[in-house]
Colleague: 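Okay, handing you the structure first.
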2 protein chains.
Amino acid sequence: MGKPSGRKGSLLQSLRDRHVRITSQRKALIETIEEADGHLDAYTLLERARRRSPDVDLATVYRTLELLKKQGLIDELDLMHLHGEKHYYEARATRSHIHLACFRCGLIEEFVSPLYEKLTTEVATSRGFQVEVSRFEVGGICRRCSSSEGNEKSKGIHSV
Amino acid sequence: MGKPSGRKGSLLQSLRDRHVRITSQRKALIETIEEADGHLDAYTLLERARRRSPDVDLATVYRTLELLKKQGLIDELDLMHLHGEKHYYEARATRSHIHLACFRCGLIEEFVSPLYEKLTTEVATSRGFQVEVSRFEVGGICRRCSSSEGNEKSKGIHSV
DNA sequence: GTATTTGCAAAAGCTTTGCTGCAAC
DNA sequence: GTTGCAGCAAAGCTTTTGCAAATAC
């Protein structure tokens, strides 16, 4: 399943274009984000980034995420708080998409629709609102879980 | 500006219909939620509910919110984390609506559109996903802040 | 009378911050 | 050489949990 993500390596370039300082830690974190291709929480990002730069600290992870958010280069997701209150991050996609979170198995699906863009435009036009970020999340039961209704009890039975 | 909310007093009735125990604390909390008509965080809910029932505890607030969420009677919002990581709650509306959060002044607007329902239906149909909850939040700059661009510095200058 | 809910206090989870030394430009 | 970043450790804020006493039905 193809993800609606942007070209890899674009995050670093965007930072350079904006005259933001590129440190080795930021580089490691950004490369990790781009490699992951979506849905990383801060701690997972830390663990993976340490393969590239062993001394990265969690504080740096958060500070870098904050920076990237402010630059509009990544999006912050809640994924319906399926796994606690933490946040997830992904490189901003070329096309915005909805996240579907299955309460039963924990699967996260992505869904692209022209209606999404249309709706965002409608907000901007009719309310005079300059949209910088938007987030559409849906929670419920995925197709696979509905069809195996009642047979599966545990969470996480379908791979993410 | 009319809110797209349901009839007042319906939360308690819904609980009775579902044979959920009605305690005095739950009653106080529910009445407070309905009176507020939207966007209460847990601590504010506690403070207000204490006017009706002085001994309510924050733990009870969270437990009751959990109950109402599970029953699908309230919705949980993040409001783009405009004021920290806490959540906001509102009685589930008869029509689902988008929340627009202004990063500059903190104003939260609500926006109803047929496209929203259409999009949700599309998700259900094309992915076979049983939608239980959906949340569409938008962050950016509201009309008023765009027109007073650069003149206003502080947050919360426009009333919520 | 019995099962559930509550208050209290403590803990947990995620995120932010202060400070000093270090790295980028 | 300056300015801003990183690591470390500590604190912060929201939310959850264990347990004994109280409450609803």
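Reminder, nothing fancy here: chain letters follow the sequence lines and each chain counts from 1.
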Colleague: Which residues in residues 61-79 of chain B have a heavy atom closer than 4.0 Å to any atom of DNA chain C?
Modeller: B:R63

Colleague: Under 3.5 Å, is there a donor-acceptor pair between the side chain of B:S148 and the main chain of B:R144?
Modeller: yes

Colleague: Of the non-hydrogen atoms in A:L77 and A:R135, which two are nearest, and what is the gap between them?
Modeller: CA-CD, 4.0 Å

Colleague: Could you check whether A:E66 pairs with A:K69 (Lys NZ or Arg NE/NH1/NH2 to Asp/Glu carboxylate O, under 4.0 Å)?
Modeller: yes

Colleague: Give one of base, sugar-phosphate or nothing for A:D55, where a contact means two heavy atoms less than 4.0 Å apart.
Modeller: sugar-phosphate

Colleague: Is there a side-chain contact between B:V138 and A:T120 in this structure, where contact means two heavy atoms from C-beta onward sitting under 4.5 Å apart?
Modeller: no

Colleague: Determine to 10° how strongly the helix from C:dG1-D:dC25 to C:dC25-D:dG1 is bent, judged from the axes of its five-pair ends.
Modeller: 50°

Colleague: Could I get a table of every N or O pair under 3.5 Å where one atom is in the protein and the other is in nucleotides 20-25 of chain C?
Modeller:
{"residue": "C:dC25", "atom": "OP1", "partner": "A:I22", "partner atom": "N", "Å": "3.4"}

Colleague: Using side chain to side chain contact (heavy atoms under 4.5 Å, CB included) as the criterion, point out the one residue from B:S146, B:C145, B:C142 that pairs with A:F129.
Modeller: B:C142

Colleague: Does this structure show an ion pair linking A:E35 with A:R52, if we count only N-O contacts that are shorter than 4.0 Å?
Modeller: yes

Colleague: Does a side-chain N-to-carboxylate-O contact under 4.0 Å join A:R50 and A:E47?
Modeller: no

Colleague: Contact boundaries of DNA chain D with chain A (under 4.0 Å, heavy atoms), 5' to 3'?
Modeller: D:dT3 to D:dC8

Colleague: Return each pair, listed once, that meets salt bridge (charged side-chain N to carboxylate O under 4.0 Å, His left out) where at least one residue sits in residues 20-30 of chain A; pairs must be two or more places apart or across chains.
Modeller: A:K27-A:E31

Colleague: Using side-chain heavy atoms (C-beta onward) and a distance below 4.5 Å, is A:I108 in contact with A:L82?
Modeller: yes

Colleague: Taking A:L11's backbone N and O only, do any of them form a donor-acceptor pair with A:E34's side chain (distance below 3.5 Å, no angle check)?
Modeller: yes

Colleague: State, to 0.1 Å, how close B:H97 and B:E90 come at their nearest heavy-atom pair, and which atoms those are.
Modeller: NE2-OE2, 2.9 Å

Colleague: For B:D41, which residues count as a salt bridge (charged side-chain N to carboxylate O under 4.0 Å, His left out) partner, sequence neighbours excluded?
Modeller: none

